[in-house]
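Please read the structure below before turning to the comments.
Counting starts at 1 for both ligands and their atoms, following the listed order.
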Amino acid sequence: MKKLALITGVSGQDGAYLAKLLLEKKYKVVGTDRRSARSSNWRLKRLGIENDIIFEEMELSEIYEIQRVFKKYKFSEVYHLAAQSFVKASFNSPLNTSNITGLGTLRILETIRSMNPKIKFYQASSSEMFGDVLSKVQNEKTTLNPQSPYAISKVFAHYSTQNYRSSYNMFAVSGILFNHESPLRGEEFVTRKIIIGLIKILKKEIKFFELGNLYAKRDWGYAKEYVEAMWKMLQQKKPDDYVISTGKTYSIKDFINKATKYLNMNVSWRGHGLKERLVNNDNNKTIIKINPKYFRPAEVNLLIGNSTKARKKLKWKPKTDLNKLIKIMIDEEIKYS
Ligand code: NDP
Ligand code: GDP
């Protein structure tokens with residue numbers, strides 16, 4: 001009998017890569033999306049798996065929709081990836097973010113507890129929970145200090161997952177994943193935004209684009225590898241939480257410097273503060289400007305993860321460094337743009 005897995009948020013970056021991985025492992029995959037998202041399965045199409053997934057509509061704000069899906073199928077594993085996942089947007093819609101990203105997780109946990117507590121559950125926790133970091137390098141024991149409605153909602157979901165594990169003996173785990181990127185990353189996230197912007201400049205489709213804080217640092221890994229860790233967490237004997245990260249951190253500016261180098265662009269940084277800009281040395285034209293509208297009311301300045309536990313217990317380790325990740329993202333963006 002094939003194992004049956006549910007992936008919430010199958011239309012997102014991680015949902016698509018995870019669906020591909022589980023199908024390769026001979027799982028049957030049910031994936032949920034929202035009615036409004038039905039037409040945008042571009043990631044699943046790109047991976048060539050759109051017709052291999054059983055789609056169900058499931059809006060996370062509606063417990064009846066969640067229960068309907070759990071009544072229809074006998075899942076052995078649930079990967080809960082759906083969320084309002086964009087930090088910046090969470091400042092504009094804090095109530096919706098907590099309802100979807102926070103309470104949405106609790107609705108699923110409660111459904112599993114009441115209908116079949118043997119189902120294994122994966123929660124997509126985030127390094128954003130560390131926020132204004134209380135330790136220079138962050139691991140599973142680092143105190144959480146969230147700085148956005150998104151991160152606060154993830155903390156609620158994270159503790160709810162731990163609470164259902166300890167209270168009801170459920171196999172419920174949280175993967176605390178640091179930022180992970182890929183050609184399938186949403187266009188609003190900074191890495192893909194930069195790559196799309198630079199390619200449009202080279203094609204002369206735009207003259208410049210705008211960014212916010214260039215000095216925040218992130219521990220960026222490759223999404224395709226990170227979903228393997230999710231699967232491994234659910235194959236362990238005991239449920240536990242794991243940090244998944246590369247252990248290296250780079251600023252947004254570092255990322256731009258590496259991307260422009262790979263694209264062979266002759267550029268230099270000029271000016272300071274709000275006037276800081278990236279200039280094309282060949283024609284002296286500005287191609288990246290700062291716009292304060294991209295600043296966040298509270299920023300997470302530095303994230304570096306320590307994934308020793310996952311490396312030891314899950315036998316997982318990152319294989320793709322930032323240079324290679326940028327190459328993968330740029331090559332695929334050029335191919336499909
Ligand atoms: P995406 O934003 O690419 O995907 C999120 C998914 O959630 C989409 O399928 C989206 O559907 C769905 N969704 C959003 N709102 C709702 C809703 N109200 N009801 C049902 N579904 C909804 O995120 P990623 O794939 O990058 O991330 C996966 C998970 O991991 C998220 O929970 C994210 O917060 C978390 N995470 C991600 C990190 C990263 O670096 N990528 C780091 C740490 C954690 P639609 O297509 O309609 O938008
Ligand atoms: P996050 O870590 O989940 O918030 O991922 P993002 O890719 O959205 O942002 C990473 C960092 O890039 C944050 O510190 C942002 O403040 C910074 N950043 C700077 N300019 C931009 C921008 O134009 N868009 C986004 N999304 N982030 C930006």
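- The S125 neighbourhood of ligand 1 comprises atoms 43 (C), 44 (C), with distances under 4.0 Å to a heavy atom of that residue.
- The shortest N or O to N or O distance between S85 and ligand 1 is below 3.5 Å.
- Residue I100 touches ligand 1 through its side chain alone, judged by heavy-atom distances below 4.0 Å.
- Screening T105, T161, T32 for a side chain to side chain donor-acceptor pair (under 3.5 Å) involving H80 leaves a single residue, T105.
- Under the 3.5 Å distance criterion, with hydrogens and angles disregarded, a donor-acceptor pair is assigned to the side chains of Y27 and W231.
- The atoms of ligand 2 that sit less than 4.0 Å from any heavy atom of N213 are 17 (C), 18 (N), 19 (C), 20 (N).
- Shown in contact with N179 at under 4.0 Å from a heavy atom are these atoms of ligand 1, numbered in order with element: 40 (O).
- Residue-ligand proximity, S126 to ligand 1, at heavy-atom distances under 4.0 Å covers atoms 43 (C), 44 (C).
- D219 contributes a side-chain N or O that, together with a main-chain N or O of G305, makes up a donor-acceptor pair within less than 3.5 Å.
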R68/E65 under salt bridge (Lys or Arg N to Asp or Glu O under 4.0 Å): CA gap, chis, key distance, verdict: CA-CA 5 Å; R68 183 189 61 76; E65 289 198 5; 5.8 Å; no
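- Formation of a donor-acceptor pair under 3.5 Å by the K289 side chain with backbone atoms of K275 is not found in this model.
- A salt bridge links K327 with D331: at least one charged nitrogen is closer than 4.0 Å to a carboxylate oxygen.
- Under the 6.0 Å cut-off for aromatic ring centres, F121 and F171 do not qualify, their centroids lying 6.0 Å or more apart.
- If you check the side chains of N41 and R46, you find no donor sitting under 3.5 Å from an acceptor.
- Neither the backbone nor the side chain of S61 comes within contact range of ligand 1; no heavy atom lies under 4.0 Å.
- Residue contact check: L60 has heavy atoms under 4.0 Å from atoms 19 (N), 20 (C) of ligand 1.
- Under the 4.0 Å criterion applied to side-chain N and carboxylate O atoms, D14 and K224 are not assigned as salt-bridge partners.
- When R218, R296, K88 are each tested for a salt bridge (charged side-chain N to carboxylate O under 4.0 Å, His left out) with E128, only one passes: R218.
- At a heavy-atom cutoff of 4.0 Å, ligand 2 is contacted by the side chain of R296 but not by its backbone.
- Interface of G9 with ligand 1, defined as ligand atoms under 4.0 Å from a residue heavy atom, comprises 6 (C), 7 (O), 9 (O).
- Every atom of ligand 2 is numbered from 1 in the order shown, and the set under 4.0 Å from a heavy atom of V87 is 3 (O), 4 (O).
- Of the N or O atoms in A82, none lie within a sub-3.5 Å distance of an N or O in ligand 1.
- With hydrogens left out, the protein atom closest to atom 13 (C) of ligand 2 is R218 NH2, 3.5 Å, a heavy atom.
- Between the side chains of D132 and Q147, no donor-acceptor pair of N or O atoms lies under 3.5 Å.
- The closest approach between any non-hydrogen atom of Y150 and ligand 2 is not below 4.0 Å.
- Atom 12 (O) of ligand 2 has I252 CD1, 3.2 Å as its closest protein atom, hydrogens excluded (heavy atom only).
- Looking at N96, L81, D219, it is L81 that brings a heavy atom closest to atom 32 (O) of ligand 1.
- Neither the backbone nor the side chain of F295 has any atom closer than 4.0 Å to an atom of ligand 2 (non-hydrogen atoms only).
- Within the 4.0 Å heavy-atom shell around ligand 1 one does not find E128.
- Interface atoms of ligand 2 facing E128, defined by a heavy-atom separation under 4.0 Å, are 1 (P), 2 (O), 3 (O), 4 (O).
- Heavy-atom contacts of K154 reach the following atoms of ligand 1: 31 (C), 32 (O), 33 (C), 34 (O), 35 (C) (cutoff under 4.0 Å).
- Within ligand 1, counting atoms from 1 as listed, the ones closer than 4.0 Å to a heavy atom of L177 are 42 (C), 43 (C).
- Shown in contact with A216 at under 4.0 Å from a heavy atom are these atoms of ligand 2, numbered in order with element: 14 (O).
- Note on M170 and Y79: separate hydrophobic clusters, where clusters join Ile, Leu, Val, Met, Phe, Trp and Tyr whose side-chain heavy atoms are under 4.5 Å apart, directly or indirectly.
- The Y150 neighbourhood of ligand 1 comprises atoms 33 (C), 34 (O), 35 (C), 36 (N), 44 (C), with distances under 4.0 Å to a heavy atom of that residue.
- Using a 4.0 Å cut-off between a side-chain N of Lys or Arg and a carboxylate O of Asp or Glu, E225 and K317 do not qualify as a salt bridge.
- Close N/O approach between N179 and ligand 2 is found [any backbone or side-chain N/O within under 3.5 Å].
- Considering backbone and side-chain atoms alike, E188 places an N or O below 3.5 Å from some N or O of ligand 2.
- Salt-bridge annotation for K20 and D52: absent, with no side-chain N of the basic residue lying under 4.0 Å from a carboxylate O of the acidic one.
- A donor-acceptor contact under 3.5 angstrom links the side chains of S251 and D254, judged on distance only.
- When only interatomic distances are considered, the shortest N/O to N/O separation between D14 and ligand 1 falls below 3.5 Å.
- With a 4.0 Å cut-off on non-hydrogen atoms, H180 touches ligand 1 through its backbone as well as its side chain.
- With a 4.0 Å cut-off on non-hydrogen atoms, V190 touches ligand 2 through its backbone as well as its side chain.
- The proximity of F189 to ligand 2, defined as any non-hydrogen pair under 4.0 Å, involves the side chain as well as the backbone.
- In summary, the atoms of ligand 2 found under 4.0 Å from a heavy atom of Y294, numbered by their order in the structure, are 23 (O).
- Taking a cut-off of under 4.0 Å to the non-hydrogen atoms of G212, the atoms of ligand 2 that pass are 19 (C), 20 (N), 21 (C), 23 (O).
- At a 4.0 Å heavy-atom cut-off, ligand 2 touches L211 through backbone and side chain alike.
- The minimum heavy-atom distance between S135 and T142, with the atom names listed, is CB-CG2, 3.8 Å.
- Judged by distance alone, with hydrogens and angles left aside, the side-chain atoms of T101 form a donor-acceptor pair with the main-chain N or O of Q84 at under 3.5 Å.
- Each of Y250, Y262, W220 was scored for a ring pair (Phe, Tyr, Trp, His ring centres under 6.0 Å) with F255, with one residue passing: W220.
- Between F189 and F86, the ring planes lie perpendicular to each other; the angle is over 60°, past the 30° to 60° tilted range.
- Distance from atom 16 (O) of ligand 2 to its nearest protein heavy atom, with residue and atom name: E299 OE2, 2.6 Å.
- With a 4.0 Å heavy-atom cut-off, ligand 1 is reached by the backbone of M58 but not by any atom from C-beta on.
- In terms of heavy-atom proximity, R107 sits nearest to L60 at NH1-O, 3.0 Å.
- Atom 23 (O) of ligand 2 has as its closest protein heavy atom K193 NZ, 2.7 Å.
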